[in-house]
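Numbers restart at 1 for each chain; the letters A, B, ... are given by sequence-line order, proteins then strands. Computed from a prediction, not measured in an experiment: that's the story for all the values here.
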Number of protein chains: 2
Amino acid sequence: MKVLIVEDDQFHASYLQDALAEALPEVTEIFRARNGIEGEEEARDGGIEAVVMDLQMEQRNGIEAARSIWTERPQSRILFWSNYADEAYLRGIARIVPEDSAYGYVLKTASRERLKLALRAVLVEGQIMVDRQIHRMQKHGAAPRSGLDDSEFSVLLDLALGLQDKMIAERRGMSLRTVQNRLLSLYEKLGVVSALDDELTLNKRVRALNRALVTRTLNIETLEAAHRDFEAWLARRK
Amino acid sequence: MKVLIVEDDQFHASYLQDALAEALPEVTEIFRARNGIEGEEEARDGGIEAVVMDLQMEQRNGIEAARSIWTERPQSRILFWSNYADEAYLRGIARIVPEDSAYGYVLKTASRERLKLALRAVLVEGQIMVDRQIHRMQKHGAAPRSGLDDSEFSVLLDLALGLQDKMIAERRGMSLRTVQNRLLSLYEKLGVVSALDDELTLNKRVRALNRALVTRTLNIETLEAAHRDFEAWLARRK
DNA sequence: AGAGATGTTGCGGGTTCCCGCAATCTCTCT
DNA sequence: AGAGAGATTGCGGGAACCCGCAACATCTCT
């Protein structure tokens with residue numbers, strides 16, 4: 001059995017390699033990649049179907065790499081292994097998991113035992129295994145911690161890019177007023193108003209982005225990915 | 001000689017501990033803290049004047065911890081050790097380094113040799129040692145990569161918090177129109193306009209924050225720290 | 001079928017933002 | 001001292017934003 005480790009931090013990679021060798025004696029070869037792009041290549045060239053994937057990497061992050069790996073081989077088994085329990089990552093992963101593939105999500109703070117368990121459960125047994133702390137965010141597959149629904153979330157992404165109401169309306173196929181209603185509820189749910197001293201009026205749009213970031217509803221990588229998506233949409237629209 | 005390691009990642013901490021023992025035989029005791037708050041306490045209680053400090057930590061980050069350590073003991077020697085070469089961190093550090101104290105900045109990607117060198121140079125010899133990749137950002141102590149000057153940078157912080165022009169003017173002691181001029185040049189320098197397809201008008205404030213983040217001029221911790229600063233200012237102002 | 005909750009849309013107006021124009025102010029250099 | 005470059009400030013207006021109000025549209029229970 002061949003396993004690919006995609007991880008840019010050398011300490012974490014070697015710890016992982018250790019745990020892997022220990023937990024899965026059936027592993028014959030361990031490949032290593034340092035970012036998403038290398039990861040995709042290795043997976044393709046090596047015909048690998050078991051991957052342990054870090055999320056936060058330079059260049060091309062784990063979600064994007066996973067997406068293209070799954071596009072080529074939907075049956076690949078991928079264990080995500082990350083420092084953060086950001087909702088932003090969860091949303092990203094939830095969106096790309098193929099119908100019946102095996103995947104897992106383990107935090108780097110998890111114990112060695114739990115990591116080994118997850119390695120076996122996902123890579124060998126083909127099960128789904130998600131850290132409880134992360135899973136708690138998801139209520140039956142949607143509506144994570146912040147309580148944003150999908151349409152609110154996509155408006156948030158557009159807002160975060162700096163799009164104006166009119167453009168958001170066009171992109172998402174809503175009327176202008178509806179977009180504004182979404183913004184209203186975003187401001188509500190993100191705690192834009194209560195955030196600081198009352199008596200104090202803020203620029204709500206900027207504040208919304210700020211709040212989304214500090215609550216980990218968005219992170220910087222999400223912004224970068226959203227930007228790429230938007231450009232693709234722009235080009236397609238013509 | 002006593003040394004304090006402030007680092008929340010266990011792998012990194014033990015690697016560091018190893019390197020420390022290897023490079024500095026004169027070290028008799030190694031203390032360990034997992035975040036800024038613990039770090040400050042340990043430093044105070046243990047009477048420690050040699051610290052290796054991670055920057056990105058939950059709760060209270062390395063810059064804030066360093067500030068209060070230096071406030072109590074300006075002669076403390078602190079080696080910052082971080083994953084990122086973000087301008088945001090650089091600015092933070094530059095602002096709090098006492099007149100003649102020793103400090104250093106090493107990236108986690110640096111070789112073990114270079115780390116050991118820095119440990120010796122900063123903690124034992126009391127020199128200043130900054131990674132070249134980081135130092136390149138600084139031109140004689142100011143004006144990092146993005147080319148923002150200090151007044152532009154502080155307006156950027158306020159903008160990022162969601163403050164309105166009027167409030168920024170009050171906080172920074174500028175006229176309203178001057179604030180707006182600063183914003184103008186921020187938009188210019190951050191590439192707010194050219195960013196996407198032209199023909200496309202954006203919400204400049206949000207876009208400015210977005211650009212500041214993806215260019216690493218700001219990061220999320222900066223936002224959190226700026227928020228705390230602002231609240232302190234608010235309270236003081238009355 | 002009807003009542004009620006929830007979501008969508010248009011209108012209107014008060015605010016804030018963005019920025020051109022022009023009048024100082026401040027500094028530097030000769 | 002005086003010229004010139006650059007920053008600071010006020011004014012004014014067009015555009016975008018925020019949001020209350022009210023008319024419908026949809027969905028869900030009973």
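In this structure, the salt bridge (charged side-chain N to carboxylate O under 4.0 Å, His left out) partners of B:E224, at least two apart in sequence or on a different chain, are A:R216. Annotation: salt bridge (charged side-chain N to carboxylate O under 4.0 Å, His left out) contacts of A:R171 (sequence neighbours excluded): A:D158. For A:R177, the side-chain contact (heavy atoms from CB on, under 4.5 Å) partners two or more places apart in sequence, or in a different chain, are A:S175, A:Q180, A:N181. Under the salt bridge (charged side-chain N to carboxylate O under 4.0 Å, His left out) criterion, B:E41 pairs with no residue at all, not counting sequence neighbours. Judged as a side-chain contact (heavy atoms from CB on, under 4.5 Å), and not counting sequence neighbours, the contacts of B:N203 are A:R205, B:R205, B:V206. For A:E38, the side-chain contact (heavy atoms from CB on, under 4.5 Å) criterion is met by A:A33, A:R34, A:N35, not counting sequence neighbours. Remark: B:K204 pairs with B:Y187, B:V192, B:V193 by the side-chain contact (heavy atoms from CB on, under 4.5 Å) rule, at least two apart or across chains. Residues forming a salt bridge (charged side-chain N to carboxylate O under 4.0 Å, His left out) with A:E125 (at least two apart in sequence, or on another chain): none.
Axis orientation changes by 30° from one end of the helix from C:dA1-D:dT30 to C:dT30-D:dA1 to the other, with each end axis drawn from 5 pairs and the value rounded to 10°.
Atoms CG (A:L159) and P (D:dA16) sit 16 Å apart, rounded to a whole Å.
DNA chain C lies under 4.0 Å from at least one heavy atom of each of the following residues of residues 176-184 of chain A: A:R177, A:T178, A:N181, A:R182. Contacts between residues 166-175 of chain B and DNA chain D, counted as heavy-atom distances below 4.0 Å, involve B:S175.
A salt bridge between A:E72 and A:R44 is present, with a side-chain N of the basic residue lying under 4.0 Å from a carboxylate O of the acidic one. The existence of a salt bridge linking B:R236 and B:E231 is excluded, since no basic side-chain nitrogen approaches an acidic carboxylate oxygen closer than 4.0 Å.
Counting heavy atoms of neighbouring residues, nucleotides and ligands inside a 6.0 Å radius, atom CD of B:Q75 exceeds 12 of them.
Of all nucleotides in DNA chain C having an atom under 4.0 Å from a heavy atom of chain B, the first and last in 5' to 3' order are C:dT16 to C:dC21.
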Quiz item: Between B:H12 and A:D9, is a side-chain hydrogen bond (donor to acceptor under 3.5 Å, both in side chains) present by the stated rule, with each step listed?
Solution: CA-CA 10 Å; B:H12 291 182; A:D9 182 305; 2.7 Å; yes

